[in-house]
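Step one of this worksheet: look at the structure below.
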Amino acid sequence: NQLQQDHLSPLQRTTLAVALSHTYVAWAENSPPAERTGHWDSALRVIEQLLAADEDNSYALLARRQAALVHLDPGTFAHEAAATSQDATPFLQTARQQLHTSIGLLEKLLLDVRRQLDRSDRPKNNQAQLTENQLAQLKRQIRGELADALMNQAVCYPHSSPDQINALQ
């Protein structure tokens, strides 16, 4: 397993873990419905193992973003399944739950990225952590993904219902 090799830098290890997680997500997206959950679980497990193994990883924000996006994927699939199902209720419940989890993770991540950007003691040109430009780009990506997740969550509720309006706020 390449992730276990000692010679990898934190950035290399994080990049590999995120790529492997992406692979599991793609595998889930292209699998029969009964097999998807196992692949999504594997995608999360890779990220969780990375974060648990190196709590001081200065690139953990990238891995945490991937974990939030992993939750977004089954939420989106469940919402799409609800549109074609005779009984949409269980699919919509799953979609809301997964999207709620993803939104919570993205909101916390956005807050942490903002804190990193606001730190005045950030060393300049430090190769061992994300640069200010990289953090700003990550912030923009997270904001877009959060907006998408909120919209996806809102469409899981009846049109113009208080729940739908609340989901957009």
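If you read the sequence from its start, that first residue is 1, and numbering goes on from there.
Between atom CG of residue L106 and atom NE2 of residue H71 there is a gap of 10.0 Å, rounded to the nearest 0.5 Å. Taken from CD1 in I103 to CZ in R96, the straight-line distance is 12.0 Å, to the nearest 0.5 Å. The distance from the CH2 atom of W27 to the CG atom of L20 is 10.0 Å, given to the nearest 0.5 Å. Separation of atoms CG (D54) and CG (L8) is listed at 11.5 Å; rounding is to 0.5 Å. Considering CG of N30 and CZ of R36, their distance stands at 8.5 Å, rounded to 0.5 Å. Note that CG of L110 is 6.5 Å distant from CG of L146, once rounded to the nearest 0.5 Å.
Between V18 and A63 the shortest heavy-atom distance is CG2-CA, 3.9 Å. Closest heavy-atom contact between A67 and L44: O-CD2, 3.8 Å. Across every non-hydrogen atom of V70 and S21, the tightest pair is CG2-OG, 3.5 Å. Pairing each heavy atom of N57 with each of P10, the nearest pair is OD1-CB, 3.7 Å. Among all heavy-atom pairs drawn from A88 and A82, the shortest one is CB-O, 3.5 Å. The shortest non-hydrogen separation linking G75 to L99 is CA-CG, 4.1 Å.
A single hydrophobic cluster is not seen to contain both L111 and L62; linkage of ILVMFWY side chains at heavy-atom distances under 4.5 Å, directly or through other members, places them apart. Under a hydrophobic clustering in which Ile, Leu, Val, Met, Phe, Trp and Tyr are joined whenever their side-chain heavy atoms come within less than 4.5 Å, directly or via other members, V25 and V46 fall into different clusters. No continuous path of ILVMFWY side-chain contacts below 4.5 Å connects W40 to I47, so the two sit in separate hydrophobic clusters. The same ILVMFWY cluster, assembled from side-chain heavy atoms under 4.5 Å apart, contains both L150 and L109.
Looking at Q134 and T131, their side chains do bring a donor and an acceptor atom within 3.5 Å of each other.
A donor-acceptor pair under 3.5 Å links the side-chain atoms of T15 to the main chain of L11, judged by distance alone. E35 places no side-chain N or O within donor-acceptor distance of the main-chain N or O of P32, the cut-off being under 3.5 Å.
Residues S31 and H39 have side chains in contact (heavy-atom distance under 4.5 Å, counting atoms from C-beta outward). Using a 4.5 Å heavy-atom cutoff, the side chains of E29 and F77 are in contact. Proximity of L61 to L135: side-chain heavy atoms (C-beta onward) are separated by under 4.5 Å at one or more points.
The stretch residues 37-53 participates, sequence neighbours left out, in no salt bridge (charged side-chain N to carboxylate O under 4.0 Å, His left out) pair at all.
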**Request:** For R13 and L50, run side chain to side chain contact (heavy atoms under 4.5 Å, CB included): C-alpha distance rounded to whole Å, both residues' side-chain angles, the deciding distance at 0.1 Å, then the answer.
**Result:** CA-CA 8 Å; R13 192 176 318 282; L50 170 78; 3.6 Å; yes

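For S58, the side chain to side chain contact (heavy atoms under 4.5 Å, CB included) test picks out Q129, with sequence neighbours left out. Remark: R64 pairs with D112 by the side chain to side chain donor-acceptor pair (under 3.5 Å) rule, at least two apart or across chains. Not counting sequence neighbours, S102 has no partner by the side chain to side chain donor-acceptor pair (under 3.5 Å) test. Every residue two or more places apart in sequence or in another chain that forms a side chain to side chain contact (heavy atoms under 4.5 Å, CB included) with Q141 is listed here: R65, Q137, L138, E145.
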Using atom types as modelled, flag every donor-acceptor pair under 3.5 Å from a side chain in residues 152-162 to any protein atom, sequence neighbours excluded.
unit_1	atom_1	unit_2	atom_2	d
N152	ND2	D148	O	3.4
S161	OG	P158	O	2.8
S161	OG	Q164	N	3.1

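More than 12 heavy-atom neighbours from other residues, nucleotides or ligands sit within 6.0 angstrom of CZ on R114.
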